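Quick notes on the structure that follows.
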Amino acid sequence: MALAQPALEQAVDWEVAEQQIGLWQDAWHRFRGNRLAVLGAVVIVFLILVAFLSPLLVHLGIIVSPTTQQVENIEVGPGQAGHLFGTDELGRDTLSRLMFGSRISLSVGILVQGIILPIGLAIGLAAGYFGGRIDNLLMRFTDIWYAFPDLIFVLVLVSVFGPNLLSIFGAIALVGWVGLARLVRGQVLAIKEKEYIEAARSSGSPPLKLILKHLLPNALGPIIVTVVFGIPSAIFLEAVLSFLGVGIQPPTPTWGQMVFDGYEAIYANPSSVVFPALSIGFTLLAFSFVGDGLRDALDPRMKR
Amino acid sequence: MQAAEKAPVTAVVSDPVILRVEDVYKHFPIAGFGGLAVRAVDGVTLEIRRGEALGLVGESGCGKSTLARLITALLPVTSGKIIFEGQEITKMRGARLRRMRRKMQMIFQDPFASLDPRMTVGDIIQEPLDNYGIGSGRERQRRVQELLRLVGLNPNFTNRYPHEFSGGQRQRIGIARALAVNPSFIVCDEAVSALDVSIQAQIINLLQDLQREFNLTYLFIAHDLAVVRHLSDRIAVMYLGKVVETAGRNDIYDHPQHPYTRALLSSIPVPDPEVERARAPILLKGEIPSAVNPPSGCRFHTRCPIARVPGICSEQEPLLEPHGQRDQLAACHFAGEK
């Protein structure tokens with residue numbers, strides 16, 4: 001029996017212990033092994049670079065300004081008259097508008113989730129962990145919120161606060177947190193009953209540590225997926241708002257707005273619809289690959 | 001081992017009883033059924049003496065695991081008192097409760113559910129040390145390795161995740177975690193039920209060695225008497241939320257007083273096929289009754305081979321009283337009769 005061994009006075013072989021790898025480092029290893037996820041991440045980084053660099057490119061004269069109208073080149077097809085992706089009904093360069101559109105669309109998507117995440121996490125974790133009256137209170141509040149039709153709610157908020165960037169972000173976030181809060185609560189309820197939570201409690205873990213170190217990491221998978229899928233849906237919601245005339249005001253381009261503007265002329269000039277639609281599609285795909293990759297990467301049970 | 005590993009000196013002078021459970025009830029209300037409740041633990045009184053291993057046996061659903069969670073303060077009691085080392089833990093909350101927990105650890109039933117899948121084994125075992133601020137970072141790492149070695153695992157496995165281990169190894173990890181803070185009392189909630197028989201024996205031997213080494217007190221919960229016999233000094237038998245018999249290990253096996261104990265004992269298979277064929281096991285009729293609405297009088301009367309129904313058994317609840325040998329208590333109107 002191991003008990004018979006003498007006390008461990010001699011240098012313990014901590015140094016020769018297997019290389020220590022933290023959860024995040026370990027996750028990074030697994031993430032890198034997932035080709036689709038890496039591809040998605042590359043696409044997203046590329047989009048972010050485009051978003052940042054497009055004004056510079058205009059300044060350097062490499063692309064035309066998204067608001068420059070060339071009356072002689074209205075609705076030209078891709079590759080014609082020096083317009084790689086063609087032009088729209090006002091003679092504006094589609095490529096340039098796409099690049100500038102990514103600025104608004106990406107920030108709507110990402111920033112909105114950035115607002116939603118802390119709200120949804122806080123409410124969901126509190127409701128799920130504390131249960132009882134707190135749960136009841138928070139969840140009835142959530143239900144009431146949920147009962148408002150999203151679009152009408154956003155429309156009201158945007159018309160009250162004006163169609164500026166901030167109020168659009170805020171309004172989309174305010175309808176988005178509800179789903180996340182419910183999901184987080186459900187996850188917490190399921191995980192809370194697990195024996196390893198009891199074990200952590202009986203080894204003296206205070207509540208905050210239980211929540212942050214045990215409940216949250218184990219609930220993370222579905223949360224990440226939901227948040228990442230929320231990005232394209234926020235992009236869509238902004239598009240709908242633009243279509244209804246309360247979104248980002250023209251001539252500032254956004255992808256959604258471009259789809260809705262171009263779709264009246266879909267047969268005459270398909271490129272002005274197809275390219276923004278593809279951009280939205282590829283962005284969605286990239287985010288969902290990254291989301292799946294993150295979920296798997298954060299689960300040590302997945303093979304590297 | 002360091003001096004800290006040895007049993008606290010106070011143990012010599014203080015009360016020989018480390019844990020007292022006094023008339024404890026735990027009812028789980030059923031939502032929406034006005035007042036109805038599952039009476040999981042329904043008036044249990046028990047004593048555990050310092051340094052002994054008390055075996056607690058009973059069928060699934062008799063309230064054993066609930067009682068374990070009441071004793072470790074993972075669940076609040078409905079009523080009654082639990083006194084651990086002279087302190088009433090049923091009234092403790094917050095920081096005081098956390099301090100008390102240091103002396104009382106639990107080994108869980110399911111080795112696959114009781115280790116956080118997202119933490120490395122080292123972090124899992126180190127967690128109690130972190131929680132109580134024991135030692136420096138480096139000392140904690142050493143302690144983790146020492147504990148791994150103590151439970152018979154390779155001390156270099158600290159960076160592996162629980163899913164990389166077998167059931168028996170995981171249970172050893174659970175034991176190492178329980179031992180990390182040098183508790184005086186350990187509750188083993190069916191700690192071997194989920195393991196293969198050969199592994200069960202290894203774990204039981206390990207638990208016994210550890211008990212000897214560190215002067216531990218065990219509450220060892222199981223659903224069969226064969227496993228408990230090997231490890232326990234005394235045995236308590238539970239039926240439907242109540243303790244029906246307690247006695248020294250040998251007394252319970254040699255002179256069971258309660259018909260339920262006798263039935264449980266007769267369900268243990270005998271390894272000799274001739275003896276096995278010749279003996280007539282006592283077969284209990286039916287299922288364990290609902291804990292929402294337990295039978296009147298003696299709870300066991302619906303399945304008891306010697307019950308007088310109608311009569312005293314269905315009308316009057318028997319008390320846990322001395323019967324048979326010294327230190328033997330049974331709750332039966334006809335204790336000792338066959």
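Naming convention: chains lettered A, B, ... in sequence-line order (proteins, then strands); numbering from 1 in each chain. Given the structure is predicted, the values throughout are model-derived calculations rather than measurements. Side chains are part of it too, since the values below use all heavy atoms of this structure and drop only hydrogens, waters and symmetry mates.
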Out of [options], return the one with the most heavy atom pairs under 4.5 angstrom to chain A.
{"options": "B:Gly174, B:Gly94, B:Pro128", "result": "B:Pro128"}
{"options": "B:Asp110, B:Leu97, B:Ile107", "result": "B:Asp110"}
{"options": "B:Met100, B:Glu164, B:Arg69", "result": "B:Arg69"}
{"options": "B:Asp130, B:Thr72, B:Leu115, B:Val181", "result": "B:Leu115"}

Within the structure provided, determine whether B:Pro162 and A:Tyr196 are in side-chain contact (heavy-atom separation under 4.5 Å). no
Relative to chain A, which segment of [X] carries a heavy atom at a distance below 4.5 Å: side chain, backbone, both, or neither?
{"X": "B:Leu74", "answer": "both"}
{"X": "B:Arg212", "answer": "neither"}
{"X": "B:Arg101", "answer": "both"}
{"X": "B:Arg177", "answer": "side chain"}
{"X": "B:Gln105", "answer": "side chain"}
{"X": "B:Met104", "answer": "backbone"}
{"X": "B:Gln109", "answer": "both"}

I'd like to know whether [atom1] of [X] has more than 12 heavy-atom contacts from other residues, nucleotides or ligands below 6.0 angstrom.
{"X": "A:Lys192", "atom1": "NZ", "value": "yes"}
{"X": "A:Arg133", "atom1": "CZ", "value": "no"}
{"X": "A:Arg32", "atom1": "CZ", "value": "yes"}

Chain B contacts: which residues in residues 198-212 of chain A have a non-hydrogen atom closer than 4.5 Å to it? A:Glu198, A:Ala199, A:Ala200, A:Arg201, A:Ser202, A:Ser203, A:Gly204, A:Ser205, A:Pro206, A:Lys209
A:Glu195 vs B:Met106, test: side chain to side chain contact (heavy atoms under 4.5 Å, CB included). Steps then yes/no. CA-CA 11 Å; A:Glu195 272 189 349; B:Met106 184 146 165; over 6 Å; no
B:Arg118 and A:Asn218: which non-hydrogen atoms are nearest, and at how many Å? NE-OD1, 3.3 Å
